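Shown next, in structure tokens, is the structure this report addresses.
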Amino acid sequence: MEVYQALIIAAVTGGASSIATVAAIKVDIKWVKLTCATLKHEIEELELRIRSLELKKI
């Protein structure tokens with residue numbers, strides 16, 4: 001009986017840990033996507049500024 005209790009406790013602990021890990025990974029993925037979108041927008045703005053400066057030189 002003690003072995004079964006230990007296995008049940010281990011399974012519940014492992015399940016809870018995996019659920020928390022999946023939740024953390026989802027949050028990290030959302031953060032990475034948001035950061036990439038922000039950086040893409042900033043790069044596009046910088047490219048437009050550089051192009052406008054190049055056109056002014058001509």
Side-chain angles (χ1 to χ4, degrees):
M1 186 68 176
E2 291 177 17
V3 175
Y4 292 120
Q5 288 177 344
L7 288 174
I8 290 172
I9 291 171
V12 169
T13 303
S17 176
S18 65
I19 290 171
T21 301
V22 169
I25 289 173
K26 284 185 177 183
V27 169
D28 285 346
I29 289 172
K30 287 180 185 178
W31 180 81
V32 168
K33 285 181 180 179
L34 179 64
T35 303
C36 286
T38 303
L39 290 175
K40 181 179 178 184
H41 179 70
E42 290 179 9
I43 289 170
E44 289 172 351
E45 286 183 356
L46 288 172
E47 287 175 342
L48 288 173
R49 288 178 63 190
I50 290 171
R51 285 185 191 138
S52 69
L53 288 173
E54 289 174 345
L55 291 175
K56 287 181 182 179
K57 286 183 180 180
I58 297 176

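Just so you know, these numbers use all the heavy atoms, side chains as well, and skip hydrogens, waters and symmetry mates. Keep in mind that what you see is a predicted model, and the values were worked out from it rather than measured.
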Checklist outcome for this item: Connected to Val32, directly or through other members, by ILVMFWY side-chain contacts below 4.5 Å are Trp31
Checklist outcome for this item: dist Leu46:CG -> His41:NE2 (nearest 0.5 Å) comes out at 10.0 Å
Next on the checklist: Determine whether Lys40 and Glu44 satisfy the following criterion, side-chain contact (heavy atoms from CB on, under 4.5 Å), listing intermediate values before the conclusion.
Outcome noted: CA-CA 6 Å; Lys40 181 179 178 184; Glu44 289 172 351; 3.3 Å; yes
Item to check | Residues in side-chain hydrogen bond (donor to acceptor under 3.5 Å, both in side chains) contact with Glu47, at least two apart in sequence or another chain | outcome: none
Checklist entry - Got a sec, which residues hit side-chain contact (heavy atoms from CB on, under 4.5 Å) with Glu42, two or more places apart in sequence or on another chain? => result Thr38, Leu39
Checklist entry - Ile29: which other cluster members, linking ILVMFWY side chains closer than 4.5 Å, directly or transitively? => result Ile25
Side-chain donor-acceptor pairs under 3.5 Å in residues 1-18, sequence neighbours left out?
from  : atom 1 : to    : atom 2 : distance (Å)
Thr13 : OG1    : Ile9  : O      : 2.8
Ser18 : OG     : Gly14 : O      : 3.3
Ser18 : OG     : Gly15 : O      : 2.8

Checklist entry - Linking Ile, Leu, Val, Met, Phe, Trp and Tyr by side-chain heavy atoms under 4.5 Å, what else ends up with Leu48? => result none
